[in-house]
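Below is one structure, written out as structure tokens; comments come after it.
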Protein chains: 2
Amino acid sequence: MKEEQSLFANYLKSKGLKMTSARRTVLRAFIKSEGHLSAEDLLAAAKKIDPGLGQATVFRTLKLLSDAGLAQDACQEEGPRRYEHVYKQSHHDHLICIGCGKMIEFCHPEIEKAQNEIFKKFGFRGTGHKLELRGLCADCARKLDEENK
Amino acid sequence: MKEEQSLFANYLKSKGLKMTSARRTVLRAFIKSEGHLSAEDLLAAAKKIDPGLGQATVFRTLKLLSDAGLAQDACQEEGPRRYEHVYKQSHHDHLICIGCGKMIEFCHPEIEKAQNEIFKKFGFRGTGHKLELRGLCADCARKLDEENK
DNA sequence: CTTAGTGCAAAGGTTTTGCAAATTG
DNA sequence: CAATTTGCAAAACCTTTGCACTAAG
């Protein structure tokens, strides 16, 4: 939290932007939140802290958080765009069941290594990755098999 | 193409849906297309084949293609939702420059292996993955360094 | 003080839906 | 034939923008 505060403050300063109370409010709401949240979710959460906050501010701040590297698109298939924290240390990747939508988060060190190889190969300075595995969980696989007898 | 036709036909049949000429048109346009395309792009492409086609049909068919596992969300950060083919054999992963937006597609066999380990560990029957690496390409990294002297 | 940020409401863009007519199995 | 699908236009939805006012550096 403290760290994210100052990361954001630094980012703003580097761009000649200002740390305002509205932005602090949105950041607090965002940090407290869990999972994937839409701009509307974040607005609701932020309004609990400051009811006078406008939705345009949330959209604008979310874009800044994303530029600052603190938030990233969570890439849902449907509905509004959703965002999630970017965790500096432990990347959490996603395993999603296409049957029931259940989502499991996991880490895999091999993938970190592979990532760095790719960056090197293409001359990139890496900043992050996002991996989504899709499949059927055991329950859904069983159900499907039964349906098809 | 032939294969995708019949995959789609099977999917439709399994759901009690019908293979119509509009759906064939959208499928053809989708298969011919390359890269990431929005519903609007697909509509334009499909209209070249059948000018009478309506946009609602494209949205509806795109959802079916996605349910059938032939199309998937390409996960851009901004603008309209974009879709891309699902390639059965060679997964192409994405390396994206956050500076200029340049996108490189690559394959990495280690990642295929890691993917299967994860699926096994969680009892999933896997169907695919999506990996996005983000960073600065050599050009953008250089530019940034110069700016900050 | 000067520049950037805010909330509001209106505009913009994308996607979905209701419906009567047309098409499919 | 019964059931699904279509194109159209309208509606719904999500996001951005213009503006007058306020707050930050």
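As a basis for the values below, the full set of heavy atoms in this structure was taken, side chains included, without hydrogen atoms, waters or symmetry mates.
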- Check whether L7(A) and M19(A) end up in the same hydrophobic cluster, where Ile, Leu, Val, Met, Phe, Trp and Tyr are linked by side-chain heavy atoms less than 4.5 Å apart.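 Yes, it is one cluster - the side chains of L7(A) and M19(A) are joined through contacts under 4.5 Å.
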
- Query: In terms of side-chain heavy atoms of A39(A), which of dT15(D), dT6(C), dT6(D) is nearest?
  - Reply: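 Among dT15(D), dT6(C), dT6(D), the one nearest the side chain of A39(A) is dT15(D).
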
- Item | dT16(D) phosphate, OP1 or OP2, under 4.0 Å from K63(A) side-chain N/O |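 Yes, K63(A) has a side-chain N/O under 4.0 Å of OP1/OP2 on dT16(D).
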
Main-chain N/O of [Y] paired with [X] side-chain donor or acceptor, under 3.5 Å:
| X | Y | value |
| --- | --- | --- |
| T57(B) | L53(B) | no |
| S14(B) | Y11(B) | yes |
| D41(A) | S38(A) | yes |
| S66(B) | L62(B) | no |

- Message: Is the shortest side-chain heavy-atom distance between L131(A) and H94(A) below 4.5 Å?
- Response: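 No; the side chains remain at least 4.5 Å from each other.
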
- Query: How do G16(B) and V58(B) order along DNA chain D: which one's closest nucleotide is nearer the 5' end?
  - Reply: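 The residue mapped nearer the 5' terminus is G16(B).
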
To the nearest angstrom, how far is [X] atom [atom1] from [N] atom [atom2]?
| X | N | atom1 | atom2 | result |
| --- | --- | --- | --- | --- |
| K15(A) | dT3(C) | NZ | C1' | 17 Å |
| R82(A) | dC14(D) | CZ | C1' | 12 Å |
| L62(B) | dT5(D) | CG | C1' | 17 Å |
| L64(B) | dT6(D) | CG | C1' | 13 Å |
| L37(A) | dT15(D) | CG | P | 12 Å |
| L12(B) | dT5(D) | CG | P | 8 Å |
| F59(A) | dG7(C) | CZ | C1' | 14 Å |
| L43(A) | dT15(D) | CG | C1' | 13 Å |

- Query: Does anything in residues 54-63 of chain B pair up under salt bridge (Lys or Arg N to Asp or Glu O under 4.0 Å), and if so which pairs, sequence neighbours excluded?
  - Reply: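 Every candidate salt bridge (Lys or Arg N to Asp or Glu O under 4.0 Å) pair involving residues 54-63 of chain B fails, so no pair, neighbours aside, qualifies.
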
- Task: Compare every heavy atom of F8(A) with every heavy atom of R23(A), then report the nearest pair and how far apart it is.
- Result: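 What the structure gives for the nearest pair is CB-CE2, 4.2 Å.
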
- Message: Base contacts versus sugar-phosphate-only contacts with protein, heavy atoms under 4.0 Å: please encode nucleotides 17-25 of chain C as B, S and - from 5' to 3'.
- Response: BB-----BS

- Message: Which label fits F122(A) and F106(B): parallel for a plane angle under 30°, tilted from 30 to 60°, or perpendicular past 60°?
- Response: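 Tilted: the ring planes of F122(A) and F106(B) meet at 30° to 60°.
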
- Query: Of the residues in residues 48-55 of chain B, which ones touch DNA chain D at a heavy-atom distance under 4.0 Å?
  - Reply: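 The stretch gives G52(B), L53(B), G54(B) as the residues lying under 4.0 Å from the strand, ordered by number.
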
